[in-house]
Amino acid sequence: MILARAIPAAALLAVTACTAGPPSPAPPPPASATTGRPAAVNIRLAVEGRVVTATLNDSAAARDFTTLLPLTLDLSDFHQTERIADLPRRLSTAGAPESADPKAGDLAFDAPWGNLAIYYRDAPRANGVVVLGHLADGGADVLATADRVTIEPAL
């Protein structure tokens, strides 16, 4: 008789133990199929009433850049190739290649100088340049002569 009561109690305990516990964690944000990390981020660059979109890549520097947004930056020309602006702080360059071949439309972090570069012309390979992303078609032309830009996440 004691054994007959013990079996149902043990079964109830086993079922209760399996269903009890902390709630399941929330699902992670969508991830890149290739890296397993959050996917690339779209941003908007506003210049004198015109908006240019860009897509940031999935690099440590690009993810760090998004933590600074929104930003309004004063731009100046550098070597008739890029518009540059000082950032509030240096970005993480963990895992970044030592150099890059910037192309027209690239947004980049110039690690030696600590500034943002928006390329409107192709540039030769440069040490310490970390490409963050790329402007949508025509964006390089809009930014080629811009003196001020506001950068924010795209909605």
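Predicted model, so just to flag it, every value in this text is computed and none were measured. Just so you know, these numbers use all the heavy atoms, side chains as well, and skip hydrogens, waters and symmetry mates.
One distance of note links OG of Ser99 with CG of Asn127; it measures 5.0 Å at 0.5 Å rounding. Considering CD1 of Ile84 and CG of Leu116, their distance stands at 9.5 Å, rounded to 0.5 Å. Atom-to-atom distance recorded for Asp58:CG and Arg63:CZ is 5.0 Å, nearest 0.5 angstrom. Remark: Lys103 NZ to His134 NE2 distance equals 10.5 Å, nearest 0.5 Å. In this structure, CD on Glu82 lies 13.0 Å from CG on Leu143, to the nearest 0.5 angstrom.
Ile151 and Val51 are not part of a single hydrophobic cluster, where members link through side-chain heavy atoms under 4.5 Å apart. Under a hydrophobic-cluster definition in which Ile, Leu, Val, Met, Phe, Trp and Tyr are linked whenever side-chain heavy atoms come within less than 4.5 Å, directly or via other members, Leu75 and Ile43 are assigned to the same cluster.
When atom types are taken as modelled, the side chain of Arg148 and the backbone of Thr72 share no donor-acceptor pair closer than 3.5 angstrom. Using a distance-only test at 3.5 Å, with no hydrogens or angles considered, no donor-acceptor pair links the side chain of Arg83 to the main chain of Tyr120. Judged purely by atom type and a 3.5 angstrom limit, Asp122 uses its side chain to pair as donor or acceptor with the backbone of Ala104. At distances below 3.5 Å, not a single donor-acceptor pair connects side-chain atoms of Asp110 with backbone N or O atoms of Ala117. Checking side-chain atoms of Asn57 against main-chain N and O of Leu132 turns up a donor-acceptor pair under 3.5 Å.
Checked against side-chain hydrogen bond (donor to acceptor under 3.5 Å, both in side chains), Asp86 has no partners two or more places apart in sequence or in another chain. Pro88 pairs by the side chain to side chain contact (heavy atoms under 4.5 Å, CB included) definition with Leu68, Leu71, not counting sequence neighbours.
With respect to the salt-bridge test (charged N to carboxylate O, under 4.0 angstrom), the residues Arg89 and Asp64 qualify.
For Arg50, the CZ atom is loosely surrounded, since the number of other residues' heavy atoms within 6.0 Å does not exceed 12.
Considering Thr150, Leu107, Val142, Leu73 as possible partners of Leu45, the one that fulfils the side-chain contact (heavy atoms from CB on, under 4.5 Å) test is Leu107.
Contact of the Val47 side chain with the Val52 side chain is not registered, since no non-hydrogen atoms from C-beta on lie closer than 4.5 Å. Residues Phe65 and Val130 are not in side-chain contact: their nearest non-hydrogen atoms beyond the backbone lie 4.5 Å or more apart. Side-chain contact check for Phe109 versus Leu87: some heavy-atom pair is nearer than 4.5 Å.
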